[in-house]
Novice: 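Dropping the structure in here first, questions after.
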Amino acid sequence: MKTGVVVFPGSNCDHDTAWVLGDLLGAEVDYLWHKERVTKKYDLIVLPGGFSYGDYLRTGAIARISPVMEDVRVHAEQGRYLLGICNGFQILTEAGLLPGALMTNDCLRFVCRDVFLKVEHRDTAFSAELAAAGVIRLPIAHHGGRYVADADTVSRLEDEDRVLFRYCDENGHATLEANPNGSVNNIAGILNEGRNVLGMMPHPERAAHESIGGADGFGVFQGVSQAVEALQLL
């Protein structure tokens, strides 16, 4: 699998993501600098977490107009896989590649801890290899992770099974107490209409191996790799 990890000024999870893709998964990995155009075809491009451009104006607002994003958009429109993690999710909404927006946490504080997520659907490349029990544990680290959207958009996401991850308790119940940032409907990750673009606030790359405290997130990357391999065998 050929992968690209976009690097913006202020990205701080780019090397974590490349380690998972390259060292753990065995994929080819290129770093894609924000000022450069993408000249190769990739199976998966990842927009990693961090604080692109120092979160000036608002999270993801400047990153969305970086030269690299023109080619990221084309990549997604071609049906290739695109994953935005934390700040990457914020950038995807700012760029219009996913609906809604990420706003300041309702507690008005930076939140850094592990959370439980309910895996709502297993029929996507991003979730096919996740825990069969339907609940995984991943870390979050954000100040602006509260997902918001108008009522019609939220209804459409729910009706079209495009909410992939939802904050929950350890038993899979999406309670108010389990919601770390006030996201509408406890939403933690959503898909585009083509189901090839995923934006999520929790960090799967920070929970991809037992040596770093847990491996629940590895399946997000493993599932995409297997989906790519399956397509290449057709």
Side-chain angles (χ1 to χ4, degrees), residues 1-98 101-102 110 112 125-126 138-145 188-190 192 196-209 212 217-218 220-225 228:
M1 182 170 70
K2 297 179 180 179
T3 66
V5 178
V6 178
V7 183
F8 300 99
S11 295
N12 65 11
C13 297
D14 43 336
H15 282 75
D16 307 59
T17 303
W19 173 72
V20 175
L21 292 171
D23 291 37
L24 298 185
L25 200 59
E28 295 181 31
V29 185
D30 291 335
Y31 289 108
L32 307 176
W33 185 235
H34 69 117
K35 288 186 176 181
E36 298 176 356
R37 302 299 299 264
V38 180
T39 58
K40 294 170 59 176
K41 296 290 187 181
Y42 293 98
D43 301 304
L44 169 68
I45 289 179
V46 182
L47 305 183
F51 305 90
S52 58
Y53 297 91
D55 283 347
Y56 293 123
L57 299 183
R58 61 181 180 273
T59 54
I62 299 178
R64 74 176 179 86
I65 58 174
S66 292
V68 72
M69 288 301 295
E70 296 181 38
D71 299 308
V72 168
R73 180 181 297 277
V74 171
H75 169 93
E77 291 173 348
Q78 291 175 340
R80 299 173 185 271
Y81 294 110
L82 175 60
L83 171 62
I85 303 169
C86 197
N87 188 225
F89 187 9
Q90 296 162 344
I91 296 168
L92 290 178
T93 59
E94 286 287 337
L97 289 167
L98 288 174
L102 281 305
F110 185 88
C112 183
F126 300 102
L138 298 181
I140 57 171
H142 58 250
H143 186 269
I190 61 172
N192 69 333
N196 63 302
V197 178
L198 168 65
M200 59 186 299
M201 286 308 297
H203 288 266
E205 82 285 1
R206 294 185 181 179
H209 195 272
I212 56 174
F218 183 64
V220 173
F221 305 97
Q222 185 182 37
V224 174
S225 178
V228 169

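In what follows, residues are counted from 1 in the order of the sequence shown.
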Novice: Please give me the minimum heavy-atom distance between Asn87 and Ser52, naming the atom from each residue.
Specialist: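 Answer, listing the atom of Asn87 first, then Ser52: OD1-OG, 2.9 Å.
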
Novice: Measuring from atom CG of Leu97 to atom CD1 of Ile91, what distance do you get when rounded to the nearest 0.5 angstrom?
Specialist: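 Spacing of CG (Leu97) from CD1 (Ile91) equals 10.5 Å.
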
Novice: Tell me the closest heavy-atom pair linking Ala63 and Met69, and the distance in Å.
Specialist: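 Minimum heavy-atom contact is O-CG, 3.2 Å.
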
Novice: Run the numbers on Met201 and Leu102 for side chain to side chain contact (heavy atoms under 4.5 Å, CB included), then give the verdict.
Specialist: CA-CA 9 Å; Met201 286 308 297; Leu102 281 305; 4.0 Å; yes

Novice: So which atom in Leu198 and which in Leu98 form the shortest heavy-atom distance, rounded to 0.1 Å?
Specialist: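 For Leu198 and Leu98, the tightest heavy-atom pair comes out as C-CD1, 4.2 Å.
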
Novice: Does Asp43 reach the main-chain N or O of Val228 with its side chain, forming a donor-acceptor pair under 3.5 Å?
Specialist: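 No, the answer is negative, given that no donor and acceptor are paired below the 3.5 Å cut-off.
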
Novice: Any idea which heavy atoms bring Ala188 and Pro202 closest together, and the distance?
Specialist: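 Residues Ala188 and Pro202, closest heavy atoms: O-CD, 3.6 Å.
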
Novice: Please examine the side chains of Gln90 and Arg58, heavy atoms only from C-beta on, and report whether any two atoms are closer than 4.5 Å.
Specialist: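 Side chain of Arg58 against side chain of Gln90, heavy atoms only: no contact under 4.5 Å found.
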
Novice: Compare all side-chain heavy atoms of Ile212 with those of Trp19 and state whether any distance is below 4.5 angstrom.
Specialist: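 Yes, at least one pair of side-chain atoms sits under 4.5 Å.
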
Novice: Got a second to check how far Ile140's CD1 is from Cys86's SG, nearest 0.5 Å?
Specialist: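 The distance works out to 8.5 Å.
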
Novice: How far does CD of Glu205 sit from NE2 of His15, to the nearest 0.5 angstrom?
Specialist: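 Here the rounded value is 13.5 Å.
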
Novice: State, yes or no, whether a side-chain contact exists between Val197 and Leu92 at a heavy-atom distance under 4.5 Å.
Specialist: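 Side-chain contact under 4.5 Å: yes.
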
Novice: Quick one: closest heavy-atom pair of Glu94 and Arg64, and the distance?
Specialist: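 Taking Glu94 first and Arg64 second, the nearest heavy atoms are O-CD, 3.1 Å.
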
Novice: Any donor-acceptor pair under 3.5 Å linking the side chain of Asn196 with the backbone of Arg80?
Specialist: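 Side chain of Asn196 to backbone of Arg80, a donor-acceptor pair under 3.5 Å: yes, one is there.
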
Novice: Decide yes or no for Phe8 and Ile62: does some side-chain heavy atom of the first lie under 4.5 Å from some side-chain heavy atom of the second?
Specialist: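 When only atoms from C-beta onward are counted, Ile62 and Phe8 do not touch, as no gap falls below 4.5 Å.
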
Novice: I want to check something: taking the side chain as every heavy atom from C-beta on, are Thr3 and Val46 in contact at a cut-off of under 4.5 Å?
Specialist: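 Of all side-chain heavy-atom pairs linking Val46 with Thr3, none is under 4.5 Å.
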
Novice: Which value, rounded to the nearest 0.5 Å, describes the distance between His142 atom NE2 and Asp55 atom CG?
Specialist: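 Going from the NE2 atom of His142 to the CG atom of Asp55 covers 12.5 Å.
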
Novice: Is any side-chain heavy atom of Pro48 less than 4.5 Å from a side-chain heavy atom of Val5?
Specialist: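 A side-chain contact exists here, since the closest heavy-atom pair is under 4.5 Å.
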
Novice: For Arg37, is there an ion pair with Asp71 - N to carboxylate O distance below 4.0 angstrom?
Specialist: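 Looking at Asp71 and Arg37, the cut-off is met.
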
Novice: Do Cys13 and His203 touch side chain to side chain, with heavy atoms closer than 4.5 Å?
Specialist: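 In contact.
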
Novice: On a heavy-atom basis, which atom in Phe126 and which in Leu82 lie closest, and how many Å separate them?
Specialist: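 Minimum heavy-atom separation between Phe126 and Leu82: CZ-O, 3.7 Å.
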
Novice: Under the side chain to side chain donor-acceptor pair (under 3.5 Å) test, which residues partner Asp14, sequence neighbours left out?
Specialist: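 Expected list: none.
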
Novice: So how far is it from Ile65 CD1 to Glu70 CD, rounded to the nearest 0.5 Å?
Specialist: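 Answer for the CD1-CD pair, Ile65 versus Glu70, is 10.5 Å.
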
Novice: Can you find a pair of side-chain heavy atoms, one from Phe89 and one from Ile190, that are under 4.5 Å apart?
Specialist: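 Side-chain contact under 4.5 Å: yes.
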
Novice: Pairs under 3.5 angstrom only: tabulate donor-acceptor contacts from the side chains of residues 20-35 to other protein residues two or more places apart or in another chain.
Specialist:
{"residue": "Asp30", "atom": "OD2", "partner": "Lys40", "partner atom": "NZ", "Å": "2.8"}
{"residue": "Asp30", "atom": "OD2", "partner": "Tyr42", "partner atom": "OH", "Å": "2.7"}
{"residue": "His34", "atom": "ND1", "partner": "Tyr53", "partner atom": "OH", "Å": "2.5"}

Novice: Relative to each other, are the rings of Phe110 and Phe51 parallel, tilted or perpendicular (30° and 60° limits)?
Specialist: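 Tilted.
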
